[in-house]
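By convention here, the first residue in the shown sequence is residue 1. Read the numbers this way: they start at 1 and go in the same order the structure lists the ligands and their atoms.
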Amino acid sequence: MTTLGIDVGASGIKGALVSLEKGQLSGERYRVPTPHPATPTAMAEAFAEIVRFFDYKGPVGCGFPSIVKNGIACSAANIDSSWIGTDVRAVFGDACKCPVFVTNDADAAGVAEMRFGRGRNEQGLVLLITIGTGLGSALFYNGVLIPNTELGHVLWKNGKAAEQWCSSGARSRLKISRKEWADRFNEYLLHLELLFSPDLFILGGGESKLFEQFKDQLHTTARIVPAKLLNNAGIIGAASFAFENQ
Ligand code: BGC
């Protein structure tokens, strides 16, 4: 069976048809830049453009970059603050005329990695961190997700969220080298390790494609691996979420 998954990010909105038996994209990805300001009206139009591109009718899964409870956005770190309290299912569903099922983007990516990627058969505590404009997190214990953990918002030394110090968004904004960024990111992982004692860290998001370039700077007791599904994990997880909740 094929379901449309859409990964809504702060810089791009990406969709693809997903084969859920295989946990793979069944065709090309289509991406539109996230409008700025990233308001509900502007983002709904971009979301609907993706659904139209695939000429799709059916349940649509959506990974969304905020705390999501019962389809409602409860935070807005890298999107317009008018999203807070907005029913994402209704706004996107009205725009694309399909039922939309919404979950946090990092939770979606985590579920896909646990099912089809590097987290397969992993027991114990697994922490997936997506590295992009912000830092997303998905926490699993014996394969069960504890949703909306938001560990990119751990308060850091400067009193701001950790994602403002060591996401890839922060790296470009602060104009720091990848080497300096990787040292910062390692410090962040060590802090998470102190708090959660994970058995495994999985690194996802856009930056995970460059894992080979920075892996030697990461040193935790827990194993650290790049996401197998790379940046497609969010799309695949979103499609699974729709399929299971339709
Ligand atoms: C948001 C999270 C999201 C992450 C990655 C953070 O700023 O608060 O909900 O998972 O960015 O997009």
Within the structure, does D105 bring an N/O atom to less than 3.5 angstrom of an N/O atom in ligand 1? yes
Ligand-side contact atoms (ligand 1) for residue partner L135, heavy atom cut-off under 4.0 Å: 4 (C), 6 (C), 11 (O)
If you measure every N or O of N104 against every N or O of ligand 1, does any of those distances drop under 3.5 Å? yes
Measure the distances from the heavy atoms of G152 to every atom of ligand 1 and state whether one is below 4.0 angstrom. no
Can you list the atoms of ligand 1 that are under 4.0 Å from a heavy atom of N78? 7 (O)
Identify, by atom number and element, the atoms of ligand 1 in contact range of E163, meaning under 4.0 Å from any of its heavy atoms. 6 (C), 7 (O), 11 (O)
Heavy-atom nearest neighbour in the protein, as seen from atom 2 (C) of ligand 1, with distance rounded to 0.1 Å: E150 OE2, 3.2 Å
Salt bridge or not between E187 and K157? Use side-chain N to carboxylate O under 4.0 Å. yes
Please determine whether a side-chain nitrogen of the Lys or Arg among R171 and E207 lies less than 4.0 Å from a carboxylate oxygen of the Asp or Glu. yes
Is the closest basic N to carboxylate O distance between R115 and E244 below 4.0 Å? yes
Around N70, counting heavy atoms of other residues, nucleotides and ligands shown, do more than 12 lie under 6.0 Å from its CG? no
Is the centre of the Y30 ring less than 6.0 Å from the centre of the F53 ring? yes
Heavy-atom contacts with H153 under 4.0 Å: which atoms of ligand 1 show up? List them by number with element. 1 (C), 6 (C), 7 (O), 8 (O)
Can you list the ligand 1 atoms lying under 4.0 Å from a non-hydrogen atom of A77? 7 (O), 8 (O)
Those atoms of ligand 1 less than 4.0 Å from some heavy atom in G136: 4 (C), 5 (C), 10 (O)
With a 6.0 Å cut-off (strictly less than), is the heavy-atom count around CZ of R173, excluding the residue itself, greater than 12? yes
Salt-bridge criterion met for R52 and E45 (N-O under 4.0 Å): yes
Would Y188 and W165 count as a close aromatic pair, with their ring centres under 6.0 Å? no
With a cut-off of 4.0 Å, which atoms of ligand 1 are near a heavy atom of S66? 9 (O)
